[in-house]
Each structure stands twice: as structure tokens, then as C-alpha cells.
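Counting starts at 1 for both ligands and their atoms, following the listed order. For clarity, every value in this text was computed on a predicted model and none was experimentally measured.
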Amino acid sequence: MGTLAAWYLTRAGHGVTVIRHDSPAPLEKTLRLPDGRQQMLSLPVLDPATLPDHIDHLLVAVKTPYTHQAMAPLTDRLDTDSLVLRFQNGLGALDGLLPAGFSALEAVTTSAVKGQHPDHTVVAENATWLGGSTAPPAWFAALTEHWPDLHWEDDIRPRQWHKLVANAVINPLTALYDVPNGRISADPALREQATQLCEEADQVLRQLDPAWPGHSLDNVLTVARATAGNTSSMRADWQRGAQTEIDAINGWLVQQADRLGLAVPANRKVVTAMRRSLTM
Ligand SMILES: NC(=O)C1=CN([C@@H]2O[C@H](COP(=O)(O)OP(=O)(O)OC[C@H]3O[C@@H](n4cnc5c(N)ncnc54)[C@H](OP(=O)(O)O)[C@@H]3O)[C@@H](O)[C@H]2O)C=CC1
Ligand SMILES: CC(C)(CO)C(=O)C(=O)O
């Protein structure tokens, strides 16, 4: 997803530098676009140790388990003039990693990119919403001319929460049962588990915000059917033995539930199962 964002930003005339340790420079990437075109990208790389003292703009697009490691050398270089854009599923991955009082912009996207470095395939180029607690930055309007279907949200939280619930249901069940997304809707036993996960998520979110509409199951099943043949990102991570984003998705819900004194046994069960590498 970071490579796709880098491509749009480059098209808009922004310079994009990858920050990583021990990487060949530049990073040569191939992006296969949905219309069949191939886009080559050559991205400069900076080792965190050689970064300037101040970072103006930072796009965080590592999978959530790697956020702490990626951010550790950067936090001192952020201040109130910096702008951080979090491009990740789940919630809470940046908690405690930003200077006090600092809030990041958040992104929610329905685009999909697959593949491992250096080849990335854009499976779907759909809508993306950016937002936070401020007005859009000055560069936002010009960026929309180069980033298809890009929108600003003054209050991004409802979109994040809808995405969170879809991920909290579809991702762990498809990973643990090794099935494509559509099975969540088609298989009665999985649908029952989906209903429990979803009701618990709605209960937590309604407690956090009484205006939360709840009744998320219809939306989740619509997403599962719309992506019926797809392998969810958590199933893909699980299949290749990589760390998953369970802690930022169901783990975040469990953490909130604990704080609020709510019972969320179905979510707790999938977190435990994913952490222990068990099949249910
Ligand atoms: N892909 C998609 O379709 C979508 C993804 N998202 C979200 O976007 C986020 C990113 O996902 P995705 O792009 O798929 O993930 P990828 O694993 O494909 O990309 C993450 C990149 O971060 C790099 N990385 C890992 N650790 C570090 C570090 N310490 N310093 C610098 N770079 C590092 C990885 O390097 P390496 O290649 O060496 O592992 C990899 O290139 C996730 O939260 C995901 O849920 C949201 C919607 C759709
Ligand atoms: C919506 C869904 C489940 C689509 O596959 C997704 O976002 C993911 O796989 O992480």
C-alpha cells in the first residue's frame, strides 16, 4: 500500500523517500496497475541514522506489528510542525509512539494491493479517505488530481470503525479456517461466529460513542460477498507464517472492552487462537 501511495504522491510532484535500515538504495519497485500497465518506481532510501533532525511529512504504511520498530528511530524527529499520515488497518498502532498532544491523520482505503517486494499488483483501485482532527492540509486538493477517488473526511472515525468491524470479523475467521472471504457469508457455522464477533464489536463501539449505529453485520456480509473469492490480508499473512494484525484489530476491541468492563468472549477467543497459532 505504501508503494501505491508513493506512486500517487510522485505523480503529484512530491518527493518520496523510504526510511529503512539495511536496504539497497534506491528501492526499485514494479507496480502492476488494474488496467494491465506496469509502472516502475525508483524510490530513494534513507537509513534512520542519517535522517535530518526534523521530519515534515511521514507516511506510516508498515503492517501494524512492525510499527514500534519502524517508529522508534523517528519519534525524536517529529514535532508539532510534522504531519504523520497513518495508512494501516486496525487502530491504536501509533498509541504512545507520537509526541504528547500530537495526532496523526488517518487513512481508510478500499483499494487492494498484493505481492511482495519488488512486485506489487494493484488488485483494486477504489476509494480512499484521509482525515483527522484538522482541516485538509494545503496540498490535499492538488493531490486529488493524481490519486483516484481520494476524499477528505472531517471525521474519519466512523469509516475507520466500519472497516475495523469488517476486519475483526472477516480476517481472523478466514485465517483460522483457511477460507476465502465469501465463506463467512455462505457457511452457516462461520456466519454464526461472524454474528457473535460483530455484535461484540458493536457493543464496544456503542459504549465508546452512543451515536454508533451498530447493526454492522449487514455491512460485514456485504464486504465478504463483494470480496468473495479474495484471500484476506490476515489469511495471507498467516499462510506465509508472517505476523498478523490481530492485535490492532480484535486485540484493540478486547483492550477497549477490558477498559469498559464489557465481556467480548468471541473476540478474545480469536485473539488467543491467532496468537497461539491454533486452529479452532
Ligand atoms: N495491501 C492492501 O491491499 C491493504 C493494506 N492495508 C493496510 O496497510 C498496511 C500496510 O499493508 P501492506 O502494504 O499490505 O503491507 P506490506 O507488508 O506489503 O508492506 C509493508 C512494507 O513495510 C516494510 N517494513 C516492515 N518493517 C519496516 C521497518 N521497520 N522499516 C521500514 N519498512 C518496514 C515492509 O518491508 P518488507 O518487504 O521487507 O517486509 C514492506 O515493504 C497494513 O496495516 C494493511 O492492513 C489497508 C488496506 C488495503
Ligand atoms: C475487507 C478485507 C477483509 C478484504 O479482504 C480486508 O480489508 C483485508 O483483507 O484486510
Could you tell me whether His14 atom NE2 has more than 12 heavy atoms of other residues or ligands within 6.0 Å of it? yes

Just jot down the ligand 2 atoms closer than 4.0 angstrom to any heavy atom of Asn171, in number order. 3 (C), 8 (C), 9 (O), 10 (O)

Examine Ser233 against ligand 2 and note whether any of their N/O atoms are separated by less than 3.5 Å. yes

Specify side chain, backbone, both or neither for Ala61, according to which of its non-hydrogen atoms lie closer than 4.0 Å to ligand 1. backbone

Counting only heavy atoms, tell me which of Leu4, Val62, Thr64 gets closest to atom 24 (N) of ligand 1. Val62

For atom 10 (C) of ligand 1, is the nearest protein heavy atom under 4.0 Å away? yes

Using the rule side-chain contact (heavy atoms from CB on, under 4.5 Å), only one of Asp149, Leu150, Thr110 pairs with Trp129; which is it? Thr110

With no hydrogens and no angle check, just 3.5 Å: does a side-chain donor-acceptor pair link Gln255 and Asp247? no

Return yes when Val18 approaches ligand 1 closer than 4.0 angstrom through a heavy atom, no otherwise. no

How many angstroms lie between CG in Leu105 and CZ in Arg86, if you round to the nearest 0.5 Å? 11.5 Å

So is Lys163 close enough to ligand 1, meaning a heavy atom under 4.0 angstrom away? yes

Nearest-neighbour protein heavy atom for atom 1 (N) of ligand 1, which is reported as residue plus atom name and distance: Val113 O, 3.0 Å

If you count the atoms of ligand 1 from 1 in the order shown, which ones are under 4.0 Å from a heavy atom of Phe87? 8 (O), 9 (C)

Any nitrogen or oxygen of Asn89 lying under 3.5 Å from a nitrogen or oxygen in ligand 1? Just yes or no. yes

Which one holds for Asn181 and ligand 2: side chain close, backbone close, both close, or neither close, with close meaning a heavy atom under 4.0 Å? side chain

Strictly by modelled atom types, are Asp237 and Thr244 linked by a side-chain donor-acceptor pair under 3.5 Å? no

Taking the minimum heavy-atom distance to atom 2 (C) of ligand 2, which of Asn167, Thr227, Leu164 ranks first? Asn167

To the nearest 0.5 Å, how far apart are NE2 in His162 and OG in Ser216? 6.5 Å

Met71 vs Leu94 side-chain heavy atoms within contact, under 4.5 Å: yes

Rounded at 0.5 Å granularity, tell me how far NZ in Lys29 sits from CD in Gln39. 14.0 Å

Would you check if there is a donor-acceptor pair between the side chains of Gln88 and Thr67 at a distance under 3.5 Å? yes

Treating Ile, Leu, Val, Met, Phe, Trp and Tyr as nodes and any side-chain heavy-atom pair under 4.5 angstrom as an edge, say whether Val169 and Val179 lie in one connected cluster. yes

Within the structure, is a non-hydrogen atom of Lys163 found at a distance of less than 4.0 Å from ligand 2? yes

Where on Glu245 is there a heavy atom closer than 4.0 Å to ligand 1, on the side chain, on the backbone, on both, or on neither? side chain

Asn230, any N or O under 3.5 Å of ligand 2 N or O: no

Take atom 26 (N) of ligand 1 and look for protein heavy atoms under 4.0 Å from it; say yes if you find one, no if not. yes

Could you tell me whether Ser111 approaches ligand 1 through its side chain, its backbone, both or neither, with non-hydrogen atoms closer than 4.0 Å? backbone

Do any nitrogen or oxygen atoms of Arg20 lie less than 3.5 angstrom from nitrogen or oxygen atoms of ligand 1? yes

Distance filter under 4.0 Å to Val223 heavy atoms, resulting ligand 2 atoms: 1 (C)

Students often mix this up, so state it plainly: with edges at 30° and 60°, are the rings of Trp161 and Trp252 parallel, tilted or perpendicular? tilted

Going by the order shown, which atoms of ligand 2 are within less than 4.0 Å of some heavy atom of Ser232? 5 (O), 9 (O)

Could you tell me, atom by atom, which parts of ligand 1 come under 4.0 Å of a heavy atom of Thr109? 47 (C)

If I take atom CG from residue Asp81 and atom NE2 from residue His57, how far apart are they, to the nearest 0.5 angstrom? 10.5 Å

List ligand 1 atoms under 4.0 Å from Tyr66, heavy atoms only on the residue side. 26 (N)

Only heavy atoms of Ile19, strictly under 4.0 Å: list the atoms of ligand 1 that pass. 30 (N), 31 (C)

Ligand-side contact atoms (ligand 1) for residue partner Ala70, heavy atom cut-off under 4.0 Å: 28 (C), 29 (N), 30 (N)

Any side-chain donor-acceptor pair under 3.5 Å between Arg259 and Gln256? yes

Going by heavy-atom distance to atom 17 (O) of ligand 1, choose the closest among Met1, Lys63, Arg86. Lys63

Parallel, tilted or perpendicular, as decided by the 30° and 60° cut-offs, for the rings of Trp147 and Tyr8: tilted

Enumerate the atoms of ligand 1 whose separation from the nearest heavy atom of Ala112 is less than 4.0 angstrom. 3 (O)

Looking only at heavy atoms, which two atoms of Ala263 and Gln203 are closest? And how far apart? O-OE1, 3.9 Å

Checking the N or O distance criterion of under 3.5 Å, is ligand 1 in contact with Gly115? no

Hey, could you give me the OG1/CG distance between Thr195 and Leu217, rounded to the nearest 0.5 Å? 4.5 Å

